[in-house]
Amino acid sequence: MSHSSTPVRRHGFRLCVMALAVGALAACGGGGDSTSTGTSPTQFKSVYAAGPISGFGSIVVNGVHYDESSASVRDDDDAARSSSELKLGMIAEIVASDYRVADGVQVASASEIVFRSRIRGPVESTAADSIVVLGQTIRVSADTVFEEELAGGLAAVAPGDVVKVYGMLDASTGEYTATRVEREDDGGYYALRSVVDSYDTASGLLVIGGATIDVSGAEVPAGLQAGSLVRVKLETTKAGAVWVATEVEFDRHMARDSDHSEVEGTITEFTSPESFSVDGIPVDASAASFPDGTDALARGVRVEVEGAIVQGVLVATKVELEGDDDHDGDGEDDNGFEVEGAVESADAGSFVVRGVTVRHDGATRFSGGTAEALVAGVRVEVHAELAADGVALMATEVEFKN
């Protein structure tokens, strides 16, 4: 189902939504003392989250650990997938329950997980810190995760390669910041998720960034216009200089009413600091705190918004600015990749946990054991940053678990 990206503008509706939000939070213990059932202000029954995956042990998104063992997992095309296919840097949407703080860690139980890429298509050109795919400029940072076939990061990507890119869209410039890049076969189609620059209904030509797309042969949703957030599937060969669309749909998300929500994304519509949209989700921030202030808020700015979703509106309690290196959702750069589990294999200087290769060196801090104790079967919790090759992690701390 498509959702409007129009921000909340009506004061009366805002007051209604705020009242409903307060009721929802009170019902689950938010905003008050613990109830007789043991519910505390840090416990919520229903949860929605969106952002890049920054860890495993359970899936970590925006600093919250989601137990995925009972969750259904789907991809862009709503095809069923395995939780083993979830990778660092993928953008994931999560529907969960039983949010709580246990031993200082935010945890919840996921029931649905959807991972969505931004672009799938051929690399047209490369530069020192970016690539162009389907006419779109994609910026690559030191925290962009690359799959193993692309060890070396951007240096391993060449024009003509077909790639799948996960990341954040700057709606003000049309440029992307990649959180993960994978090499793909063409899969029979290419795809692009972005904001429409222009749409000529007479010619059936739609423009997104540097791509001109013929949508005349596809079913076009009513109301499509410049500024719409869309996902377009394309044939893998051009008709002259024009891409040919096979499917056009408004960009969708799983956001639904929930007691607690944490969404990391970019502002796609902006009316004021109190009224804007994040990746198409309308936000009412009239009662929110702004730890970083409001001066920098604008269309295209990357933020994390925390609150409750009521009648399709994210009623924010906190709005924070985010950067490319903010992996844990608290606005601080703490190199927040995290992996927890049993060591699968180990050799000098590296080991594997949850399918992720982790390296260590003299700067790595160890607690509860030493590097020599890293053997198969030992359980560890790892805090790390991305290694220079863009594939492995470089451990900053390794804690042995009992």
Side-chain angles (χ1 to χ4, degrees), residues 17 20-74 80-86 88 90-116 253-265 278 281 283 288 304-318 320 327-330 336-342 354 379 381 401-402:
V17 168
L20 288 169
V22 170
L25 291 173
C28 61
D33 294 331
S34 299
T35 69
S36 59
T37 60
T39 304
S40 73
T42 53
Q43 290 181 311
F44 301 93
K45 294 179 181 178
S46 58
V47 179
Y48 169 77
I53 296 174
S54 62
F56 295 113
S58 47
I59 302 301
V60 182
V61 173
N62 301 335
V64 181
H65 294 238
Y66 294 92
D67 178 1
E68 81 283 10
S69 59
S70 299
S72 66
V73 180
R74 307 193 310 277
R81 306 297 287 266
S82 166
S83 60
S84 64
E85 296 176 88
L86 298 169
L88 292 176
M90 284 183 170
I91 302 297
E93 289 185 274
I94 299 175
V95 173
S97 61
D98 192 24
Y99 172 98
R100 62 202 184 281
V101 177
D103 297 326
V105 178
Q106 301 175 80
V107 298
S109 299
S111 58
E112 298 178 59
I113 302 174
V114 175
F115 57 94
R116 306 191 195 279
H253 51 70
M254 292 200 305
R256 62 191 66 170
D257 287 6
S258 58
D259 301 326
H260 181 69
S261 176
E262 294 188 25
V263 176
E264 182 178 340
V278 175
I281 302 173
V283 176
E304 184 187 348
V305 182
E306 186 174 337
I309 297 179
V310 182
Q311 295 184 356
V313 177
L314 204 175
V315 182
T317 56
K318 182 167 65 174
E320 293 183 285
H327 302 297
D328 67 352
D330 66 0
F337 290 104
E338 180 180 340
V339 183
E340 181 176 350
R354 290 288 298 248
R379 292 191 60 84
E381 179 179 322
K401 312 291 287 186
N402 293 329

Q | Verdict with supporting geometry, Met90 and Ile53, side chain to side chain contact (heavy atoms under 4.5 Å, CB included) | A | CA-CA 6 Å; Met90 284 183 170; Ile53 296 174; 4.1 Å; yes
For [X] versus [Y], what's the shortest heavy-atom pair and its separation?
X	Y	result
Ala316	Val283	CB-CG1, 4.1 Å
Leu88	Gly55	CD2-N, 3.6 Å
Tyr66	Ser58	O-CB, 3.2 Å
Gly57	Arg354	O-NH1, 3.3 Å
Ala110	Ala71	O-CB, 3.4 Å
Val107	Ala102	CG2-CB, 4.2 Å

Under a 3.5 Å distance rule, please check whether [X] uses its side chain to pair with a backbone N or O of [Y] as donor and acceptor.
X	Y	result
Asp67	Ser69	yes
Asp259	Ala308	no
Ser111	Val95	yes
Ser258	Ser46	no

Hey, what do you get for [atom1] ([X]) to [atom2] ([Y]), rounding to the nearest 0.5 Å?
X	Y	atom1	atom2	result
Arg116	Glu93	CZ	CD	4.5 Å
Phe115	Arg81	CZ	CZ	4.0 Å
Glu306	Glu320	CD	CD	7.5 Å
Ser261	Ile94	OG	CD1	11.0 Å

Kindly indicate whether the side chain of [X], heavy atoms from C-beta on, has any atom under 4.5 Å from the side chain of [Y].
X	Y	answer
Val60	Phe337	no
Arg256	Ile309	no
Glu340	Arg379	yes

Q: Before giving the answer on salt bridge (charged side-chain N to carboxylate O under 4.0 Å, His left out), spell out for Glu112 and Arg74 the whole-Å C-alpha distance, their side-chain angles and the decisive distance to 0.1 Å.
A: CA-CA 8 Å; Glu112 298 178 59; Arg74 307 193 310 277; 3.4 Å; yes
Q. Which of these passes side chain to side chain contact (heavy atoms under 4.5 Å, CB included) with Tyr99: Glu262, Gln43, Lys45?
A.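 Running side chain to side chain contact (heavy atoms under 4.5 Å, CB included) over Glu262, Gln43, Lys45 with Tyr99 returns exactly one hit, Glu262.
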Q | With Ser83 via side-chain contact (heavy atoms from CB on, under 4.5 Å) - residues at least two apart | A | Glu68, Val73, Leu86
Q | His260 and Phe44 aromatic ring geometry - parallel, tilted or perpendicular at 30°/60° bounds | A | parallel
